[in-house]
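Computed over heavy atoms, backbone and side chain alike; hydrogens, waters and symmetry mates excluded. Throughout, a chain's letter reflects where its sequence line sits, starting with A, and its residues are numbered from 1. These numbers were taken from a predicted model, which means no experiment stands behind them.
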Amino acid sequence: MRSIDAFLDILGYRASWAGIVRIALWTVLFLWLAGLMIPERARQDLFSTNVAGLPISPMITLESDPAFIRDVPLPEKGKHFRIAWISDSSSILYKPGAKLIDLTKMGDHKLLAVKTLEALRGLGLANAHIDLFLRVSLRCLETYTLTKLALERHPDLLIISVSPVFIFNNHAVFKGDSHFAKASAVWGKNIDTWPWLFLMPSPADHLWALLTHRFTVFSQAPVYAEEIDALKHDFWTSLFPPLKNTQNGEKEDSMTENSLVFWVIQRYLKGDLSVLLNDKNETVNSKWYRQVIRLSDFGENSFNHLIVRKTLETLKNSGVKAIIYIEQASQAMKDDPGAWAIYQHVKDTFRAYEKEYGSDKIRFIIDVPPDVLAKAVYVTDDDIHFEQEGDMDKFLAQQIFELSKEPEGTKNEH
Amino acid sequence: MSDALLNLFADVLEVDASKLNDNTSPDNTSQWDSLAAMGLVVAIEEKFGIQLNTKEIMKMTSIGLARETLRAKGVAV
Amino acid sequence: MKFNLDYNSASFFVDLLALTLLIIPLLWVFRKPLARHILYIFSGIYLLSFIAPRLAVFYLFYWLIVSALQRAVYITEHKAVSQPDNLSAAVVSRLVFWCAIILTLIPMLYWKIDEWSLVTFINLHANDTLALLNKTIWEIDLTRNIYAPIGLSFATFRALDLIIKTYLGLIGKLSVDRLLFYGFFPPVLVVGPIIEYEEISDKNDHPGVPAPDDLLNGGFRTAWGFFKVLFLTSLLQPSTMILSHYQGQDVLTIWIYLFVYTWFFYINFSGYSDIAIGLARLHGYKLKENFNNPFFARNVVEFWSGWHISLYRFARRNIFVPLGGYRKEKHIFAIACTMVAIALWHSLSPSMVVYGFYHAAGVIANRHFSEWRTKKGIKLDHPLAQALCIFVTYLFVGFAFPLITLPLGTAMSFYAALLGIT
């Protein structure tokens, strides 16, 4: 390939500006034509088995798809009461003994949204439909992006669940590799989020976003990714003998998103892991979260504060009814008074927000009556995730039901 | 061709002197490998009756730089 | 707790490609060298900060130190040359030169000797430094992965080459913008090639803007590189499994996988070089080649002048020659040291020591063989003889590939399996 110069010399081709422009035009034409030849397919999601047959649409695409959300037809307004529900793993009801982050087995678990929908029907709101924006390890910035995306579909009501561990965590304002934290297409629409375009999405993210929105070849690429991998696999096995399944040496588990773990262990625990471990030297979820919540930054000029404010402003300006609820930590967190105090501080901060942004249309759920969680069962050694939600579904349904009765308003005056 | 240095390089590298100039370097002349370079050092030292030190040899990464180095040592090339 | 420090260089190059589309038109605005240098320095820093801002901080710190060292070497060497009779000036010049070499090498050596401790040190302290500069950037940095100092081996050798050339009087005193431009020249930041300063200096009447043929060639070259790195290598990727799954496989299977693995490795590495060279060309810079059909080399020496050429050239200029490689009595010693140094540049591990000596033995054997051949008047011009040479060289070179990635013990057990010894 080093001889491109020589090769072009042989052809007698001389590069010219007109030639460069021609090549560029041909490329665009080719990409467009290639897009016409690809049958468009629906994007996959993680939760279709959980919501089969129910008026719930999982909205989020699989990892790293710059299209962000699946192309789901809007249910007719008026006929349905449309709820958009933004939440992280805390609204998954885990099967006992399951691994929390095993995304391949989502069908094993239940969803709080499903239970709440059933409870809503019990209350007589039979036409509820949920756009489910559910993604594990959602951070502050991703919540903002999802709020923007959810509002583009003009729901009747928006529910945002807030993780007390992460909402003010200034060591994890967003997840490093999350594409919702590189949402140039979303942030570009508002002048006040333009500075983010230079900070979080890299030049390649902009390029992908642009190509995804302009060319079918690119927008369909993530949909076909699995199939292409299978073709590559077939290519390999057709040529070469398969390997017998042996493994020499132990296979080590390693983290891909390693930064938060690094800061906690190397900076705050000075390399001393024992704080996070049980007698069997396994990492204990609750101990981990209690360390992580300590990284909360309540300063008014923290990035988290800025983003939470933007999220609330966006809600207020949209005029859409909203419920913002703090995920309720287990009482077991009191074993660590330091962590518990910070949890209370998170709640206090939201009480201040409630004063500023709360209205008859924007409802904050900061505490729940004790009996709501009396029958709740948390995952073993975990302060955040449920196995059984107690009466949380009924409680949320009641709140939604009450808000649904509020008169439809115009945009909040600002 | 009366350039003594070019002729010396041409002899050692077994390349026609007309193909050499001050920009000739190991990067653009495949004959100038480390074996040939060894021969070059010996040939230069013998022909001009001088002793080259490591720094001077390191500097001679092209014929032009070899010329410059030799001139600095008082050799008229 | 095992941290995964792997970084996929492809994402850096896609970023650079996207940024290139923006930079190229800007080059017509930034015609003055200073403006252009600043544009590239910012681009390099900006791109590095998408790996992690702390990495950009680290490199800024590193290259500013190199800049100071370069000046010191230039000033003292200049004084020593202009005052040939001043013995103390010569001593000072040497002393400063050696201090500069050692200081430039320290981070890389520290990394190769104790990776985790350097990784912890750099990540913590560079992040702390960011906290002093800007809170939001510090908060963004906290979300970025923890990495080893990506590209440091390449940066170190670029810096060393600069300092050595300054000491030899081949490069004058560089202004900070010129030096940082060399330090942050985006195409070569993460996986080389180890360019020399002359390749990007302004001296050859560089017009500052690319010509149509630069765009055409650079564009094709970049596309070819991406095709290799993203498509071809992904087809051959399963071959890498053999390094962890060789036990209990048929001998023939291991050989086949090893064969494909060597091509995977070559296509991957040379693909990145194609992208780097292609992208540089898009900006109007002609970098030297980094590969030249190494697997069709007829002997080991030819292999090394076709494999990672920029490293080989660096080693020849700065290790082989100063060790007396051009003196008959030290020739063999210099070859051995150079090959071991090339090997250890990859990592300071026992398997790379073996790798270095293995290749040194190959080069020395080749020297003796060609001397013997010349003496006996044996010619290898027949196509079959040539083909045999290529095959034997490939076999020799490919056999050592597992040493590059496997620890010595595992490599030995791999070779046992490869040779059917159970």
Side-chain angles (χ1 to χ4, degrees), chain A residues 1-2 4-5 8 13-17 19-20 23 139 170-177 181 199-200 202-208 232-233 235-236 240-241 243-249 251-263 265-267 271 273 283 297 301-304 306, chain C residues 1-5 11 14-19 21-22 46-47 50 52 120 123-124 127 135-137 139-140 142-146 211-217 219-221 224-225 234-239 241-242 244-250 252-253 256-257 260 274 289 291-292 410 413:
Chain A
M1 214 46 190
R2 58 188 312 184
I4 296 174
D5 288 288
L8 293 171
Y13 185 85
R14 286 276 161 275
S16 63
W17 289 112
I20 300 293
I23 291 173
R139 310 278 195 254
N170 70 351
H171 282 55
V173 183
F174 56 90
K175 219 176 148 222
D177 57 353
L199 293 173
M200 275 79 81
S202 72
D205 296 320
H206 293 302
L207 184 66
W208 288 132
K232 282 182 195 161
H233 179 78
F235 165 82
W236 181 265
F240 302 109
L243 289 180
K244 290 171 205 151
N245 194 14
T246 59
Q247 171 97 29
N248 43 278
K251 192 166 172 257
E252 288 185 85
D253 273 342
S254 61
M255 292 155 285
T256 47
E257 194 214 17
N258 57 21
S259 50
L260 187 59
V261 183
F262 178 87
W263 303 124
I265 294 174
Q266 296 300 326
R267 178 170 282 161
L273 266 171
T283 318
D297 178 355
N301 62 346
S302 80
F303 200 14
N304 304 64
L306 179 86
Chain C
M1 192 74 62
K2 166 91 176 152
F3 280 87
N4 181 4
L5 302 173
S11 54
V14 185
D15 274 342
L16 176 54
L17 177 67
L19 196 62
L21 302 176
L22 273 182
Y46 187 59
L47 288 168
F50 284 106
T120 310
N123 281 282
L124 285 178
N127 177 263
K135 189 154 182 283
T136 303
I137 292 180
E139 284 166 321
I140 291 173
L142 289 166
T143 68
R144 302 281 183 221
N145 266 7
I146 302 304
D213 72 309
D214 289 329
L215 294 184
L216 183 69
N217 286 281
F220 273 119
R221 186 67 183 266
W224 173 240
S234 75
L235 287 183
L236 306 182
Q237 178 87 40
S239 65
M241 295 285 286
I242 195 63
S244 51
H245 291 74
Y246 56 83
Q247 271 165 7
Q249 313 292 350
D250 305 329
L252 182 64
T253 308
I256 293 172
Y257 272 67
V260 184
D274 286 323
E289 289 300 330
F291 286 89
N292 183 16
T410 319
S413 115

Exercise. Does the A:K232 side chain pair with the main chain of C:S234, one donor and one acceptor, at a distance under 3.5 Å?
Worked result: no
Problem set entry | Residue A:N301 versus chain C: region with a heavy atom under 4.5 Å | both
For this session: Measure distances from A:S16 to the heavy atoms of chain C and classify the residue's part below 4.5 Å as side chain, backbone, both or neither.
Result: backbone
Exercise. Taking C-beta and beyond as the side chain, do A:P203 and C:Y46 meet within less than 4.5 Å on heavy atoms?
Worked result: yes
Exercise. Are the side chain of A:N258 and the backbone N or O of C:N145 linked by a donor-acceptor pair below 3.5 Å?
Worked result: no
Exercise. Would you call A:F262 and C:L124 a side-chain contact if the rule is heavy atoms closer than 4.5 Å?
Worked result: yes
Exercise. So do A:I23 and C:L215 actually touch side chain to side chain, heavy atoms under 4.5 Å?
Worked result: no
For this session: Could you tell me which portion of A:W17 (side chain, backbone, both or neither) has an atom closer than 4.5 angstrom to a non-hydrogen atom of chain C?
Result: both
For this session: Go through the atoms of C:L22 and report whether side chain, backbone, both or neither lie under 4.5 Å from a heavy atom of chain A.
Result: neither
Problem set entry | Side chain to side chain, A:R267 and C:L142, heavy atoms closer than 4.5 Å | yes
Exercise. With a 4.5 Å heavy-atom cut-off, do A:R139 and C:T143 have their side chains touching?
Worked result: no
Exercise. C:K135 versus A:D297: any side-chain heavy-atom pair under 4.5 Å?
Worked result: yes
Problem set entry | Any C:I140 side-chain heavy atom under 4.5 Å of A:V173 side chain | no
Problem set entry | Which portion of C:L47 sits near chain A, non-hydrogen atoms under 4.5 angstrom | side chain
Exercise. C:F50 versus A:D205: any side-chain heavy-atom pair under 4.5 Å?
Worked result: no
